[in-house]
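I have placed the structure first, in the form of structure tokens, so that the comments after it can refer back to it.
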Amino acid sequence: AADAPYVVTIDGAEMGEDYQGNKAAIVTYTFTNNSEDACNFMTTIGTKAFQDGIQLEGAIGVDGVDSQDLMKDIKPGKSITVKEAYVLEDTKNDVTVEVTELWDFSNELIAEKNFTMN
């Protein structure tokens with residue numbers, strides 16, 4: 001919704017690896033703060049990735065993913081691009097990414113997108 005306090009777009013996904021060499025999906029998001037207060041992605045937005053209907057774990061130590069960006073406050077009217085990574089179960093099932101507002105208990109999706117990882 002255009003009048004939503006937070007707008008998130010799912011911009012893309014690419015293949016990467018975590019520090020243990022597991023294949024990971026690196027998802028890029030653009031987060032826009034339309035609320036009246038400064039806020040950051042990590043404490044405002046919830047993301048989940050699924051493969052074959054099962055939630056994927058977050059990936060740690062992935063090149064190109066800067067978790068500091070997730071914690072950077074942005075002022076009202078500003079946007080930031082952030083990346084999160086998820087450990088893949090396989091490379092044949094699509095990845096479905098869902099975005100919600102963390103403290104909105106209706107669990108209404110802000111954004112959803114499917115990606116083929118191979």
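Heavy-atom basis, side chains included; hydrogens, waters and symmetry copies ignored.
Here CG of D52 is found 8.0 Å from NZ of K92. Values are rounded to the nearest 0.5 Å. To the nearest 0.5 Å, atom CG of residue L102 and atom OH of residue Y6 are 10.0 Å apart. Here the CE atom belonging to M71 is positioned 8.0 Å from the CG atom belonging to N40, to the nearest 0.5 angstrom. A distance of 8.5 Å separates OG in S35 from CD1 in I74, rounded to the nearest 0.5 Å. The structure places SG of C39 at 9.5 Å from CG of N34, a figure rounded to the nearest 0.5 Å. Once rounded to the nearest 0.5 Å, the distance linking OH of Y86 with CD of Q55 reads 9.0 Å.
D18 is not listed as a side-chain neighbour of I60, based on a closest heavy-atom distance of 4.5 Å or more. In this structure, K83 and E14 have side chains that are in contact, with non-hydrogen atoms separated by less than 4.5 Å. Here the side chains of T91 and K23 are in contact, with some heavy-atom distance below 4.5 Å.
Under a hydrophobic-cluster definition in which Ile, Leu, Val, Met, Phe, Trp and Tyr are linked whenever side-chain heavy atoms come within less than 4.5 Å, directly or via other members, F50 and M117 are assigned to different clusters.
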Pair M15, L88 - check side chain to side chain contact (heavy atoms under 4.5 Å, CB included), show working.
CA-CA 9 Å; M15 192 75 88; L88 292 169; 3.4 Å; yes

Checking side chain to side chain contact (heavy atoms under 4.5 Å, CB included) for the pair V62/I26: CA distance, chi angles, key distance, verdict?
CA-CA 8 Å; V62 177; I26 303 168; 3.5 Å; yes

K72 and I80: side chain to side chain contact (heavy atoms under 4.5 Å, CB included), yes or no, with the steps?
CA-CA 9 Å; K72 285 181 182 169; I80 189 171; 4.0 Å; yes

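A side-chain donor-acceptor contact under 3.5 Å links Q51 to the backbone of N93.
Few gaps surround CD on E112; more than 12 heavy atoms of other groups in view lie less than 6.0 Å from it. Around atom CD of E17, more than 12 heavy atoms belonging to other residues, nucleotides or ligands sit under 6.0 Å away. With a 6.0 Å radius and a threshold of 12 heavy atoms from other residues, nucleotides or ligands, D63 has its CG atom at or below the threshold. Heavy atoms from other residues, nucleotides or ligands lying under 6.0 Å from CD of E108 number 12 at most.
The two residues V82 and L70 make their nearest non-hydrogen contact at CB-CD2, 3.7 Å. For the residue pair V65 and E84, the shortest heavy atom distance occurs at CG1-CA, 4.4 Å. V87 and G58 get closest at one heavy-atom pair: CG2-O, 3.9 Å. Between D37 and P76, the shortest heavy-atom contact is N-CG, 3.7 Å. Heavy atoms only, all atoms of each residue included: I110 and I45 are closest at CD1-CD1, 4.1 Å. When all heavy atoms of V8 and A111 are compared, the closest pair comes out as O-CB, 3.5 Å.
Between Y29 and F41, the ring planes lie tilted relative to each other; the angle falls in the 30° to 60° range.
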